[in-house]
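Owing to the predicted nature of the structure, the values given are computational and were not obtained by experimental measurement.
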Amino acid sequence: MDLLGTRRMADPGPVQVMRDAVPPLKSLRAFEAAARHESFLNAATELHVSPGAISRHIKLLEAFLGAGLFDRRSNGVVLTRQGRRYASRVMKIFSDLSAATTEIKRHGKRHSLIISTLPVFSERWLNRRLPTFVQRCPGMSLQVEFHDGVQGLLAGDVDAWILYSDGNHPGCNVTRLFGEMLVPVSSPKLRRTLPAHPKAEQVARLPLLHDIYWNEDWSIWGEAMGLVDVDLSFGSRFALYSGVMQAAVDGMGVAMGHGAMIGDELESGRLVAIDGLAFSSPQAYHLVMTESGSRTRQARELKDWMVFECRVN
């Protein structure tokens, strides 16, 4: 009590005041992703949660703030004026936090440069070239990890991702490495069952081999070839592209050959391309880094080396 006998309220102190003024961090993360994409669905894909979870986090944040952040419309969501102002501040905070974290980690115990890539890219392109990187950047150690191709995975303890995509990764530093031609390939024996210049319909009737990650290869090829109402989803499926290639070598069916990844099989004659049915892939291989991560010396050296390797090979 004070001198007048009035009971004083406990001083919450600066820590408590700050805590009361900070929204739930998970809701902020959901808002940052949803604002950047201006889509709950794309934010959900990036954060590996359901669109309903994103919506619930946004409603929680709006209730906390006492303000609407999005206008819900029949065809999606749009940031309100307040939402847009808030998003610019929140995005900067996350960017600054990422940069500060990267700086601390660079001076911490970990000195490895962590790269996350598709297994097929590592096996068939990256690994054989890494000795030249080690020679070019002595003293820098590498750690190569794998991802499954999901496009919203730019998070965690990774310095650079190699993605097979359209290159649209908002808020990231993106470098296109190279594109490729896609072409049906088969064993020489299976190829001899086809005419010298087969039509796409004839290839489509053969057993088709699918990669679980590149699961749209055949449908994209069908569109490029002008096939209409042709079911290209049947056939055998494999978790790794090397499994698809081995099945094709063994004569199990026709595989979609990614031109940059099948040089060994074509050169050795274990597989042959079905000429006349190739097309340019709508996607390409990209080196993707966060904006803050791309400014480190290690990241710049990795980028320069990869660009050089793509030019000379």
Using the rule that Ile, Leu, Val, Met, Phe, Trp and Tyr join whenever any side-chain heavy atoms are under 4.5 Å apart, tell me whether L271 and L240 fall into a single cluster.
no

Minimum-distance pair of heavy atoms, taken over all atoms of A200 and L227:
CB-CD2, 4.0 Å

Please answer whether the main-chain N or O of L163 pairs with a side-chain N or O of H169 as donor and acceptor at a distance below 3.5 Å.
no

I262 CD1 to M256 CE distance, which is reported to the nearest 0.5 Å
10.0 Å

Are any of the side-chain heavy atoms of P24 and L60 separated by less than 4.5 Å?
yes

In this structure, would L65 and F94 fall into the same cluster of hydrophobic residues linked by side-chain contacts under 4.5 Å?
yes

For I58 and R72, work out which heavy atoms get closest and say how close.
CG2-NH2, 3.6 Å

For a ring-ring contact (aromatic ring centres under 6.0 Å, His included) check, start with the C-alpha distance between F40 and F70, then their side-chain angles and the critical distance, and finish with the verdict.
CA-CA 10 Å; F40 287 4; F70 288 94; 5.2 Å; yes

CD of E38: more than 12 outside heavy atoms within 6.0 angstrom?
yes

N/O donor-acceptor pair under 3.5 Å between E46 side chain and A33 backbone
no

Minimum-distance pair of heavy atoms, taken over all atoms of A34 and I54
CB-CG2, 4.3 Å

Would you say the ring centroid of Y86 lies under 6.0 angstrom from that of F31?
yes

Please report the interatomic distance OG(S280) to CD(E180), rounded to the nearest 0.5 Å.
9.0 Å

Heavy-atom distance under 4.5 Å between the side chains of F238 and I212, does that happen here?
no

Residue that, paired with W125, satisfies ring pair (Phe, Tyr, Trp, His ring centres under 6.0 Å) out of Y285, F178, Y164
F178

Under the 6.0 Å and 45° cation-pi test, does R136 pair with F308?
yes

Show your reasoning for whether side-chain contact (heavy atoms from CB on, under 4.5 Å) applies to M306 and L302.
CA-CA 6 Å; M306 292 203 74; L302 175 67; 4.0 Å; yes

Within-4.5 Å side-chain heavy-atom neighbours: I274 and P198
yes

Sorted by chain and residue number, the side-chain hydrogen bond (donor to acceptor under 3.5 Å, both in side chains) partners of R128 (sequence neighbours excluded) come out as D264

Would you find a donor on one side and an acceptor on the other, under 3.5 Å apart, between the side chain of W161 and the backbone of H147?
no

Side-chain ion pair, K59 and E62, N-O less than 4.0 Å:
no

side-chain contact (heavy atoms from CB on, under 4.5 Å) for L266 and V272? Distances and angles first, verdict last.
CA-CA 6 Å; L266 294 180; V272 293; 5.5 Å; no

In terms of heavy-atom contacts, does CG of N75 have more than 12 from other residues, nucleotides or ligands at under 6.0 Å?
yes

Any side-chain heavy-atom pair of L182 and H258 under 4.5 Å:
yes

Quick one: closest heavy-atom pair of M289 and A160, and the distance?
CG-CB, 3.7 Å

Could you tell me the separation between the CD atom of Q298 and the CG atom of D159, rounded to the nearest 0.5 Å?
7.5 Å

Say whether D71 and T80, considering side chains only, have a donor N or O and an acceptor N or O under 3.5 Å apart.
no

Would you name the heavy atoms of G222 and L232 that are closest together and state the gap between them?
CA-CD1, 3.7 Å

What distance do T296 atom OG1 and K303 atom NZ have between them, rounded to the nearest 0.5 Å?
11.5 Å

Ion pair check, R300 and D304, cut-off under 4.0 Å:
no

D166 side chain near P282 side chain, heavy-atom distance below 4.5 Å
no

Do L206 and M252 land in one hydrophobic cluster if side-chain heavy atoms of ILVMFWY residues count as linked below 4.5 Å?
yes

Would you say the side-chain atoms of S27 pair up with the backbone N or O of P23, donor to acceptor, closer than 3.5 Å?
no

Mind running side-chain contact (heavy atoms from CB on, under 4.5 Å) on V78 and R73 for me, showing each step along the way?
CA-CA 8 Å; V78 178; R73 302 179 180 179; 3.6 Å; yes

Given 3.5 Å as the limit, does a donor-acceptor pair link the side chain of R295 with the main chain of A299, or not?
no

Do W221 side-chain atoms and L277 backbone N/O form a donor-acceptor pair below 3.5 Å?
yes

Could you see if L79 belongs to whatever hydrophobic cluster contains M91? Use Ile, Leu, Val, Met, Phe, Trp, Tyr and a side-chain cutoff under 4.5 Å.
no

Determine whether R129 and W305 make a side-chain contact, defined as any pair of heavy atoms from C-beta on separated by less than 4.5 Å.
yes

Kindly say whether A284 contributes a backbone atom to a donor-acceptor pair with the side chain of H286 at under 3.5 angstrom?
yes

Quick check for you: to the nearest 0.5 Å, what is the distance between M261 atom CE and W214 atom CH2?
6.0 Å

If hydrophobic clusters are built from ILVMFWY residues whose side chains come within less than 4.5 Å, do V307 and V174 share one?
no

Hey, does F146 have a side-chain heavy atom less than 4.5 Å from the side chain of L118?
no

For the pair L142 and F133, evaluate side-chain contact (heavy atoms from CB on, under 4.5 Å) and give the outcome as yes or no after the intermediate values.
CA-CA 10 Å; L142 287 176; F133 179 73; 3.3 Å; yes

Any salt bridge linking R205 with E201? Criterion: basic side-chain nitrogen under 4.0 Å from a carboxylate oxygen.
no

Of all heavy-atom pairs linking A248 and L209, the shortest is N-CD1, 3.4 Å

If we only count heavy atoms from C-beta on, is the V144 to L126 side-chain gap below 4.5 Å?
yes

Which value, rounded to the nearest 0.5 Å, describes the distance between Q143 atom CD and I114 atom CD1?
4.0 Å

If you measure only the distance, is there a donor-acceptor pair under 3.5 Å linking the side chains of N127 and E123?
no

